[in-house]
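Heads up: the structure comes next, in structure tokens.
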Amino acid sequence: MTDMTNTQSFENEAQLGDYYALLKPRVMQLVVFTAVVGMLAAPVAVNPVVGFASILFLAIGAGASGALNMWWDADIDAVMKRTLKRPIPAGKVTPQAALYLGVALSGLSVMMLALSANLLAGFMLAFTIFFYVVPYSMWLKRSTPQNIVIGGAAGAFPPVIGWIIATGNFALEPWLMFALIFMWTPPHFWALALFMRNDYDDANVPMLTVTHGRRVTRNHILGYTVLLTVLAVGTAFSSIGGWVYLATALVLNALFLKGAYDIWRRDEEMSEADNFAAERKFFRLSLWYLFAHFSAILIEAGLKPFGLGGW
């Protein structure tokens with residue numbers, strides 16, 4: 001990691017919003033949503049106060065991960081157009097402040113989640129923060145084109161933690177939700193990398209588009225999308241699925257497969273000519289894909305008390 005204090009001055013006093021931006025609020029929203037779904041889909045009811053407090057501390061832990069990631073990736077963020085306006089490269093927050101904030105919030109969130117929910121939930125949050133910061137940010141991201149494949153596990157743990165908040169133990173169902181996010185992550189980010197490749201080239205990040213080229217990346221997107229479709233539709237026949245989820249999965253995965261095929265069948269000249277329209281469309285669809293699937297799981301959980309959800 002480059003010492004940003006040697007290359008940038010931090011003349012402007014940081015505002016509260018700058019520190020909030022360090023927490024990656026958009027990522028935090030996804031973490032909170034999938035964790036809430038995992039908690040509410042569990043077969044054990046959670047006291048509303050306990051549930052709210054637990055999800056709050058989980059959100060703080062997710063924010064801590066974001067701050068630590070921005071601290072470590074400050075040199076990369078300063079090069080990439082997509083991240084140039086983040087608080088550290090923009091000169092609004094010092095790397096040291098981001099580090100201190102991330103460490104403090106990590107300790108606070110893990111301790112309070114263990115107290116509000118259970119020790120296993122606290123342990124899983126600690127492991128998730130560690131996995132995102134150390135194996136992914138410090139090692140995988142800069143060393144292998146499989147960075148987003150393996151590192152995607154960090155973003156897949158929230159529904160598992162949500163389930164543990166409710167039940168205090170593991171089960172098959174939260175790992176199905178984990179697998180859904182895990183398999184969705186590579187095609188989601190590889191589509192982004194296809195039309196943002198210059199960013200990764202400039203930052204010397206070994207994304208698949210950089211190390212193996214766009215053709216190989218297109219093949220991988222299609223392959224992972226096929227596997228994701230099997231997993232997503234198959235989840236409909238588990239205890240967290242049902243007719244609502246099945247209908248959602250069939251429609252969304254048909255669209256997702258079509259989008260992946262459109263990307264796969266293109267050659268580079270076509271992609272350059274249309275400004276990667278298919279890749280951008282697929283990426284936008286991927287943002288709705290995960291939200292729709294987890295919304296369907298949430299609806300199924302809400303219908304079960306009335307004898308309507310599931311099979």
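Atoms considered below: every heavy atom in the structure, side chains included; atoms not considered: hydrogens, waters and symmetry mates. Note that the numbering runs from 1 along the sequence shown for the chain.
Between Glu279 atom CD and Ser286 atom OG the span is 12.5 Å, to the nearest 0.5 Å. Thr185 contributes atom OG1, which lies 7.5 Å from atom CG of Leu290 (distance to the nearest 0.5 angstrom). Rounded to the nearest 0.5 angstrom, Leu68 CG and Leu105 CG are separated by 8.5 Å. Considering CG of Leu298 and CE of Met39, their distance stands at 10.0 Å, rounded to 0.5 Å. The CG atom of Asp202 sits 10.0 Å away from atom CE of Met196, with the distance rounded to the nearest 0.5 Å. For the atom pair OG (Ser54) and CD1 (Ile161), the distance works out to 11.0 Å, reported to the nearest 0.5 Å.
In this model, a donor atom of one side chain and an acceptor atom of the other lie less than 3.5 Å apart for His293 and Asn253. Side chain to side chain, Thr209 and Thr217 fail the donor-acceptor criterion of an N or O pair below 3.5 Å. Side-chain atoms of Asn69 and Tyr136 form no donor-acceptor pair, as typed in the model, at a separation below 3.5 Å. The closest side-chain donor-acceptor pair between Arg266 and Tyr261, if any, does not fall under 3.5 angstrom.
For the residue pair Gly259 and Phe282, the shortest heavy atom distance occurs at C-CD1, 3.5 Å. Heavy-atom minimum distance, Val50 versus Ser116: CG1-O, 3.2 Å. The minimum heavy-atom distance linking Pro206 with Ser143 is given by the pair CG-N, 3.8 Å. What you find for Tyr200 and Met80 is that their closest heavy atoms are CE2-CE, 3.6 Å. Between Ile165 and Ala121, the shortest heavy-atom distance links the atoms CG1-CB, 4.1 Å. In plain terms, the two heavy atoms of Met70 and Ile88 that are nearest each other are O-CD1, 3.5 Å.
Comment: Lys81 does not engage Asp199 in a salt bridge, judged by the lack of any side-chain N to carboxylate O separation of less than 4.0 angstrom. Salt bridge Arg142/Asp73: present, at least one basic N to carboxylate O contact under 4.0 Å.
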| request: Show your working on side chain to side chain contact (heavy atoms under 4.5 Å, CB included) between Met177 and Thr34 and close with a plain yes or no. | output: CA-CA 9 Å; Met177 290 184 273; Thr34 56; over 6 Å; no
| query | Yes or no on side chain to side chain contact (heavy atoms under 4.5 Å, CB included) for Tyr289 and Leu228, after CA distance, side-chain angles and deciding distance? | reply | CA-CA 11 Å; Tyr289 179 96; Leu228 174 61; 3.3 Å; yes
| request: Check step by step if side chain to side chain contact (heavy atoms under 4.5 Å, CB included) holds for Val134 and Trp139. | output: CA-CA 7 Å; Val134 180; Trp139 174 42; over 6 Å; no
| message | Set out, in order, the CA-CA distance, both residues' side-chain angles and the distance that settles side chain to side chain contact (heavy atoms under 4.5 Å, CB included) for Thr229 and Val233, then state yes or no. | response | CA-CA 6 Å; Thr229 297; Val233 175; 4.3 Å; yes
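Formation of a donor-acceptor pair under 3.5 Å by the Thr144 side chain with backbone atoms of Leu140 is not found in this model. Under the 3.5 Å distance criterion, the side-chain polar atoms of Trp311 are matched with a main-chain donor or acceptor of Ala236. Distance alone, capped at 3.5 Å, is enough to place a donor-acceptor pair between the His220 side chain and the Val216 backbone. The backbone N or O of Arg86 lies less than 3.5 Å from no partner atom in the side chain of Thr83, so there is not a single donor-acceptor pair. With hydrogens and angles ignored, the 3.5 Å screen pairs no side-chain donor or acceptor of Arg218 with any backbone N or O of Leu194. Not a single donor-acceptor pair under 3.5 Å links the side chain of Ser238 to the backbone N or O of Gly234. Checked by atom type and distance alone, the side chain of Tyr245 pairs as donor or acceptor with a backbone atom of Ala232 at under 3.5 Å. Between the side chain of Glu300 and the main chain of Trp243, a donor-acceptor pair closer than 3.5 Å is present.
Heavy-atom neighbours of Trp175 CH2 from other residues, nucleotides or ligands within 6.0 Å: above the threshold of 12. Within 6.0 Å of CG in Asn204 there are 12 or fewer heavy atoms belonging to other residues, nucleotides or ligands. Few gaps surround NZ on Lys304; more than 12 heavy atoms of other groups in view lie less than 6.0 Å from it.
Under the 4.5 Å side-chain criterion, counting only non-hydrogen atoms from C-beta, Ile150 is in contact with Phe131. Residues Val49 and Phe52 fail the side-chain proximity criterion, which asks for heavy atoms closer than 4.5 Å.
A ring-centre distance under 6.0 Å is not found for Trp163 and Phe170. Under the 6.0 Å cut-off for aromatic ring centres, Tyr224 and Trp190 qualify, their centroids lying closer than that. Aromatic rings from Phe157 and Phe127 are positioned such that their centres are separated by under 6.0 Å.
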